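Heads up: the structure comes next, in structure tokens.
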2 protein chains.
Amino acid sequence: MPRAKRSRITVKDLAKDLGMSVSTVSRAFYADAVIAETTRKIVLDRAHEIGYRPNPFAQSLITKKTQIVGMVVSDLTNPFYPEVMTRLTSLLQKQGMNVMLASAEQADGTDEAVDLLLSYQPDLMIVLATNLKSHARERCEAAGAPVIFFNRLSEDGLGHGISCDNVAGGRLAASYLAELGHRELLYVSAFPDASTNVERHQGFREEAMRRGFAAPQVIEAGRFTYEAGYEAGLAVKDLPRRPDGVFCANDIVAIGFIEGVQEGIGLRVPGDISVMGYDNIAMAGWPSHRLTTIAQPLEEMMDATVKLASDLATSTDVAQRILHIPPGRLVERNTVMDWRRAND
Amino acid sequence: MPRAKRSRITVKDLAKDLGMSVSTVSRAFYADAVIAETTRKIVLDRAHEIGYRPNPFAQSLITKKTQIVGMVVSDLTNPFYPEVMTRLTSLLQKQGMNVMLASAEQADGTDEAVDLLLSYQPDLMIVLATNLKSHARERCEAAGAPVIFFNRLSEDGLGHGISCDNVAGGRLAASYLAELGHRELLYVSAFPDASTNVERHQGFREEAMRRGFAAPQVIEAGRFTYEAGYEAGLAVKDLPRRPDGVFCANDIVAIGFIEGVQEGIGLRVPGDISVMGYDNIAMAGWPSHRLTTIAQPLEEMMDATVKLASDLATSTDVAQRILHIPPGRLVERNTVMDWRRAND
DNA sequence: CTGAAAGCGCTTACAG
DNA sequence: CTGAAAGCGCTTACAG
């Protein structure tokens, strides 16, 4: 069967079919174009019948809008991101936008991937998980694509950002552990430059000190991965003081940490040491983990992103917007011990 | 700062800059165009200097090639797919192709998402995880985009396909369990129409019966998810005969199954019941799971996909290709008991 | 409210 | 080997 790359229907065809000019037909597809409503309806109906859609490439050659949003991802071993990615994609598609992907697995590959993506003139870029280097962000903006950082903010504080209030989240973790009788706190840090990491640490530390505790000890896991968390768990034995309450940069790190601490040092969670995460990924609720954590307000974060995206798509000039959405609720499960009750 | 949607550099600009015609400049970007090598080098060098890239939209208006591959995904709670997705994206980008995403979270949403994607005239479609309905596949092909099914084949057997030899994998599972002394086998089935599911079951059953065992019992988990596996684990208590060797449709189902069987029925794995998965996702190696499984030959599968993709991109007529790559190796961990040794 | 014409940024026969 | 011209499928001032 010769795949006869059937030449697709064009405005011309549809115009001839309807006995109208191409101008008129074209106008039917633009809500704010001057055209009789009855004419528009005739065109749209017939278009639907014969399966005509304006060629977006030809369109964008003129409108300079592509309806493409570039999505830069990495770190997909953290289940938080695939979920965000697919749900965001669905939401954006409902707005008529299409998502083009650049995978930034290796830091060095990012640039070329971003450039390739930019040649498609995306209306905007959404950066998930990775820390786009400043010059890459600048290239995006020079190419006319404003960038939205999702969940992590840009290092240089530029670009739009959607994030939850991680400082408040960090405080919440410290309060919770403190209230339950923990005294020797530890923060397990992930990627040191990530705003999420920095802010969660900051909130945790502030709240601990406000309560008159020593500054929490810190283990540098270095990355937001299970493996990094696992190594951090092993590293507990080298700490000057044995911690009783641990707050990890996120869930996947926490899960790795717990397994490291159990396997490597034989400590029990929460019997010997309490551990909390951040995100509330699905896995945190599995019987094998039952991780106490702080939920991200994912719904709100995604809605805000889509809202911002369509604002950026329609209006040419939107002031920098950095949204800090209140952190989600505390999700109590089985990895934190209540020492008050234990001592009753 | 008014974001002055800086008008990008065009062929014209570059031509003027170089004192050449646009034709010549244009030719420099096509390997098989007739142009003096020295001229080409001059053009390319200068293009790189001033950051010129041909506008892919204008290009594809003429060439009818877009360098876009549409990727249809769903089921991203299975960590197997995010990994495939990102690695495949990187590989395709290295070939100069760009990946556009359609998320098919809800079965009903798929169609509109696919249509939207098709309006961008992708050179081909890659379907991960989901079972594109036949009519959707037909629409893709009618729009000139051949489709490659990755890991699962199309229900109607049409379209290109890359998959590992799941029948052989199923046999391998049965042999392994049989050799280790298991006698009462169980298959935990996932999405009933998925080719992977059907073939793994088939191989498992064939090998069991070839060895003179009864046909393995079956629990219908229904989906390739943790939750479905968990429910299946609970359902073990309703089985007429207590199984001792279980093969699950994939790893994530196996992990759920194990937790269901432990939590809900109190059976121990592998003490009371042995369990195997399929895929060898990263999580299968974590201390919390240590799942015995069959690895997918992911590298080979992805290479074959990229190869096929670039064949399809260059040649207009490629015969239907369905590749069954030999299954990966058995990965022995801690969820299968060796009853021979146990009885020594 | 509608149509004829110009033009978006390219590629590719066609001449030379 | 290079250039002038036509044209890909659209949109949008400009007339009417």
Side-chain angles (χ1 to χ4, degrees), chain A residues 5-44 46-47 50-68 96 118-121 123 143-144, chain B residues 5-44 46-47 50-68 96 118-121 123 143-144 314 316:
Chain A
K5 198 101 179 172
R6 251 205 0 231
S7 64
R8 86 190 235 165
I9 307 168
T10 72
V11 241
K12 255 184 180 164
D13 302 328
L14 183 52
K16 188 178 297 175
D17 178 288
L18 289 166
M20 300 177 183
S21 74
V22 291
S23 323
T24 305
V25 170
S26 172
R27 277 190 269 261
F29 291 88
Y30 290 79
D32 46 352
V34 216
I35 183 178
E37 269 316 312
T38 58
T39 316
R40 165 174 282 141
K41 187 163 170 7
I42 293 171
V43 174
L44 259 25
R46 186 74 184 133
I50 65 176
Y52 168 76
R53 276 188 190 236
N55 180 331
F57 290 52
Q59 278 183 309
S60 70
L61 220 46
I62 298 177
T63 62
K64 306 293 177 204
K65 290 281 173 194
T66 58
Q67 305 283 80
I68 291 177
L118 282 177
S119 75
Y120 283 83
Q121 307 267 74
D123 291 343
Chain B
K5 199 101 180 174
R6 249 206 1 230
S7 63
R8 84 191 238 166
I9 307 168
T10 71
V11 242
K12 254 183 180 164
D13 301 327
L14 182 52
K16 189 179 296 176
D17 179 286
L18 290 166
M20 299 178 183
S21 72
V22 290
S23 323
T24 305
V25 170
S26 172
R27 277 189 270 261
F29 291 88
Y30 292 79
D32 46 353
V34 216
I35 183 179
E37 270 315 312
T38 57
T39 315
R40 163 172 285 139
K41 187 164 172 3
I42 293 171
V43 175
L44 259 25
R46 186 72 183 133
I50 66 178
Y52 168 75
R53 275 188 191 235
N55 180 332
F57 290 177
Q59 278 183 309
S60 68
L61 222 45
I62 299 177
T63 61
K64 307 294 177 202
K65 290 281 175 197
T66 57
Q67 306 282 79
I68 291 179
L118 282 178
S119 75
Y120 282 83
Q121 307 267 73
D123 291 344
T314 52
T316 165

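Every chain is numbered from 1 and lettered A, B, ... according to where its sequence line falls, protein lines coming before strand lines. Quick caveat, the model's predicted, so the values are computed rather than measured.
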- Stem list, DNA chain C (Watson-Crick or G-U pairing under 3.5 Å, at least 3 consecutive pairs):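 Listed by first number, the stems are C:1-3 with D:14-16, C:5-12 with D:5-12, C:14-16 with D:1-3.
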Name each donor-acceptor pair under 3.5 Å that joins a side chain in residues 31-39 of chain B to protein atoms two or more places apart or in another chain, with its distance.
residue : atom : partner : partner atom : Å
E37(B)  : OE2  : R40(B)  : NH1          : 2.7

Which pair of non-hydrogen atoms, one from [X] and one from [Y], has the smallest distance, and what is that distance?
| X | Y | answer |
| --- | --- | --- |
| D123(B) | Q67(B) | OD2-N, 2.8 Å |
| A15(A) | V25(A) | CA-CG2, 3.7 Å |
| I42(A) | L18(A) | CG2-CD2, 3.9 Å |

- Task: Report yes or no: does T66(A) contribute a side-chain atom to a donor-acceptor pair with the main-chain N or O of Q121(A) at less than 3.5 Å?
- Result: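 Confirmed, T66(A) side chain pairs with Q121(A) backbone.
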- Message: Determine whether L61(A) and N55(B) satisfy the following criterion, side chain to side chain contact (heavy atoms under 4.5 Å, CB included), listing intermediate values before the conclusion.
- Response: CA-CA 9 Å; L61(A) 220 46; N55(B) 180 332; 3.7 Å; yes
Closest nucleotide among [options] to the [X] side chain:
| X | options | result |
| --- | --- | --- |
| V11(A) | dC10(D), dC8(C), dC8(D) | dC10(D) |
| Q59(A) | dG9(D), dT12(C), dT11(D) | dT11(D) |
| I62(A) | dT11(C), dG9(C), dC8(C) | dC8(C) |
| T10(B) | dT12(D), dG9(C), dC10(D) | dG9(C) |

- In residues 28-39 of chain A, what residues come within less than 4.0 Å of DNA chain D, judged by heavy atoms?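 Here the set is Y30(A).
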- Audit row: Y30(A), T63(A), side chain to side chain contact (heavy atoms under 4.5 Å, CB included) steps and yes/no: CA-CA 12 Å; Y30(A) 290 79; T63(A) 62; 4.3 Å; yes
- Message: Holding to side-chain contact (heavy atoms from CB on, under 4.5 Å), I want the full list of residues that pass it with I62(B), two or more places apart in sequence or in another chain.
- Response: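 Per chain and number, I62(B) pairs via side-chain contact (heavy atoms from CB on, under 4.5 Å) with no residue.
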- Partners of P56(B) by side-chain contact (heavy atoms from CB on, under 4.5 Å), sequence neighbours excluded?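 P56(B) satisfies side-chain contact (heavy atoms from CB on, under 4.5 Å) with S119(A), Y120(A), R8(B), Q59(B) only.
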- Query: Is there a donor N/O on one and an acceptor N/O on the other, under 3.5 Å, for the side chain of R27(B) and the base of dG3(D)?
  - Reply: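 Side chain to base: pair present.
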- Message: On the side chain of R8(A), is there an atom forming a donor-acceptor pair with the base of dG9(D) - under 3.5 Å, no angle test?
- Response: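 Answer is no: no donor-acceptor pair is held.
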- Can you measure from CZ (F29(A)) to CG (L14(A)) and round to the nearest 0.5 angstrom?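 If I round to the nearest 0.5 Å, the distance is 6.0 Å.
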- Task: Give, for atom CG of D17(A) and atom CD1 of I9(A), the distance between the pair rounded to the nearest 0.5 Å.
- Result: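 With rounding to 0.5 Å, CG (D17(A)) is 9.0 Å from CD1 (I9(A)).
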- Does K64(A) place a side-chain N or O at less than 4.0 Å from the phosphate oxygens OP1/OP2 of dT11(D)?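 Answer no for this pair, as no side-chain N or O of K64(A) is under 4.0 Å from OP1 or OP2.
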- Message: Using a strict heavy-atom distance below 4.0 Å, which residues from residues 15-24 of chain A are in contact with DNA chain C?
- Response: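 Within this stretch, S21(A), S23(A), T24(A) sit under 4.0 Å of the strand.
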